[in-house]
Number of protein chains: 2
Amino acid sequence: MGSSPRRADLAALLAPLMRGLIAAEEPVLAAHGLTMWGYVVLCALDRGEVRTQAALAESINADKTRIIRTLDDLQHSGHIERVPDPEDRRARLLRITERGRRVKDAAQAQIQRGEERWLGLLGAEERRVFLSALRRMAADGNSGPP
Amino acid sequence: MGSSPRRADLAALLAPLMRGLIAAEEPVLAAHGLTMWGYVVLCALDRGEVRTQAALAESINADKTRIIRTLDDLQHSGHIERVPDPEDRRARLLRITERGRRVKDAAQAQIQRGEERWLGLLGAEERRVFLSALRRMAADGNSGPP
DNA sequence: TATTGTTATACTCTATAACTATA
DNA sequence: TATAGTTATAGAGTATAACAATA
């Protein structure tokens with residue numbers, strides 16, 4: 001015997017949770033005039049770790065060509081600024097605007113309230129352990145192929 | 001102030017972990033002659049909860065038209081059988097074959113060994129709490145929109 | 001020669017509509 | 001009339017290749 005697995009695959013457990021979270025986020029973002037990618041970009045820029053489009057694309061695991069329309073839209077709606085880099089005239093420096101940060105913070109607050117639908121299933125200590133473990137695992141996933 | 005979030009969004013933590021897991025799974029599945037969807041189908045059929053194509057599609061959150069090519073391939077490679085339902089001549093009953101189960105079990109064993117790259121970051125008790133919490137959250141995500 | 005940002009093109013994946021054979 | 005399975009078509013999303021400007 002021994003043919004049935006002790007537990008489901010990790011990915012099989014994460015997938016439905018991910019689906020649920022995204023489904024819950026989408027109407028919130030739409031209500032704030034944001035797309036999923038637009039929100040991801042605002043979050044990345046708000047962290048302040050990246051300045052150029054290439055660096056941004058890499059940090060959110062997107063192709064550099066894929067984010068251009070998103071950046072255009074965010075710029076036109078006043079959520080970000082794109083200024084030429086005086087030190088490298090090929091590059092354009094990205095910055096979230098005051099308005100962009102307000103919108104992002106409002107959307108994020110509502111999103112994290114919505115996450116209580118799932119996190120609320122956990123006890124206080126359980127939640128602490130879960131989030132701590134998840135943070136560590138997520139950080140390692142960034143270190144590329146084994 | 002209060003403009004920076006206490007923590008990252010749940011989805012933002014799950015996304016890189018999910019990416020890493022899928023990237024690690026893909027070469028394993030390929031080595032066993034399976035696609036991601038083919039593997040998902042074999043796992044669902046092995047659980048034995050569904051019998052028709054429509055029920056299978058729903059259980060793995062896929063469109064009924066989307067799985068047909070996958071079922072064709074799995075049938076041609078002898079991983080599943082499709083027999084006409086004697087009680088409803090419109091339907092075809094799905095069943096994983098002995099060969100299908102062997103391949104699926106082998107792939108799954110290797111996949112779960114690969115997951116130790118992430119789960120291995122956790123202590124024994126931490127891992128137990130994490131998996132227990134994740135299982136509960138994943139089950140709730142299936143209950144549809146709030 | 002390599003890199004930044006951009007555009008145009010091709011390709012993959014998925015959903016939609018329409019069809020058949022049953023019920 | 002509704003449903004199971006199938007096919008064909010169209011649409012969205014993504015990657016690839018090629019370009020101009022700059023390093």
Side-chain angles (χ1 to χ4, degrees), chain A residues 11 15-16 18-19 22-23 25-27 29-30 34-41 44-45 49-76 79-96 144-145, chain B residues 11 15-16 18-19 22-23 25-27 29-30 34-41 44-45 49-76 79-96 144-145:
Chain A
M18 197 71 183
R19 258 197 312 272
I22 289 177
E25 280 190 25
E26 225 125 49
L29 293 173
L34 293 175
T35 65
M36 185 68 73
W37 283 113
Y39 177 67
V40 169
V41 166
L45 292 181
E49 296 154 358
V50 296
R51 310 189 337 143
T52 67
Q53 296 187 190
L56 169 65
E58 194 192 349
S59 82
I60 62 176
N61 261 281
D63 195 276
K64 63 176 178 171
T65 66
R66 198 167 72 177
I67 62 174
I68 292 183
R69 168 63 68 90
T70 300
L71 294 177
D72 289 345
D73 294 345
L74 287 172
Q75 185 175 23
H76 289 142
H79 292 119
I80 67 169
E81 284 174 353
R82 276 202 280 202
V83 304
D85 183 347
E87 294 177 359
D88 183 345
R89 298 212 318 236
R90 293 171 304 180
R92 310 174 71 174
L93 299 180
L94 302 171
R95 220 186 52 189
I96 189 172
Chain B
M18 196 72 183
R19 259 197 311 272
I22 289 176
E25 281 190 25
E26 226 125 48
L29 294 174
L34 293 175
T35 64
M36 184 70 72
W37 282 114
Y39 177 67
V40 170
V41 166
L45 292 182
E49 297 156 356
V50 295
R51 312 191 334 143
T52 66
Q53 297 188 190
L56 169 66
E58 193 191 350
S59 83
I60 64 176
N61 259 282
D63 194 277
K64 62 175 178 171
T65 66
R66 196 167 73 177
I67 63 174
I68 291 183
R69 169 65 66 91
T70 300
L71 295 178
D72 288 345
D73 294 345
L74 287 173
Q75 185 176 22
H76 290 141
H79 292 120
I80 67 169
E81 284 173 352
R82 275 202 279 202
V83 305
D85 184 347
E87 294 177 359
D88 182 345
R89 299 212 318 235
R90 294 171 303 180
R92 310 174 71 175
L93 300 181
L94 303 170
R95 220 186 53 188
I96 188 172

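Letters go in sequence order (proteins before strands), and every chain restarts at 1.
- In this entry the distance linking CD1 of I68(A) with P of dG13(D) reads 17 Å, nearest Å.
- Separating the CD1 atom of I67(A) from the P atom of dT7(C) is a distance of 13 Å, rounded to the nearest angstrom.
- Mapping A55(B) and R66(A) onto DNA chain D by nearest heavy atom places A55(B) closer to the 5' end of the strand.
- Considering CD of Q75(A) and CG of L94(A), their distance stands at 9.0 Å, rounded to 0.5 Å.
- Every residue meeting the side chain to side chain contact (heavy atoms under 4.5 Å, CB included) condition with A44(A), not counting sequence neighbours, appears here in chain and number order: R47(A), L56(A), S59(A), I60(A).
- Atom CG of L71(A) and atom P of dT6(C) are 8 Å apart (whole Å).
- More than 12 heavy atoms of other shown residues, nucleotides or ligands fall within 6.0 angstrom of atom CZ in R82(A).
- The NZ atom of K64(A) sits 14 Å away from the P atom of dA2(C) (whole-angstrom rounding).
- dC13(C) atom C1' lies 12 Å from atom CG of D63(B), rounded to whole Å.
- For W37(B) and dT12(C), the shortest distance from a side-chain N or O to OP1 or OP2 is not below 4.0 Å.
- Atom CD of E58(B) is separated from atom P of dG5(D) by 12 Å (rounded to the nearest Å).
- Between dT4(C), dT6(C), dG5(D), one nucleotide has an atom nearer to the side chain of A54(A) than all others, and that is dT4(C).
- Protein atom CG of D72(A) is 13 Å distant from nucleotide atom P of dG5(C), rounded to whole Å.
- Within a 6.0 Å sphere centred on CZ of R66(B), other residues, nucleotides and ligands contribute more than 12 heavy atoms.
- Of the residues in residues 82-91 of chain A, D88(A), R89(A), R90(A) come within less than 4.0 Å of DNA chain D through at least one heavy atom, sorted by number.
- From D73(A), atom CG reaches atom OG1 of T35(A) across 7.0 Å, with rounding to the nearest 0.5 Å.
- Rounding to the nearest 0.5 Å gives a distance of 9.0 Å between CZ of R92(A) and CG of L71(A).
- Using a 4.0 Å heavy-atom distance criterion, T52(B) is classed as a sugar-phosphate-only contact.
- Partners of R90(B) according to the side chain to side chain contact (heavy atoms under 4.5 Å, CB included) rule, which considers only residues two or more places apart in sequence or in another chain, are D88(B).
- When the P atom of dG5(C) is taken as reference, atom CZ of R69(A) falls 18 Å away, rounded to whole Å.
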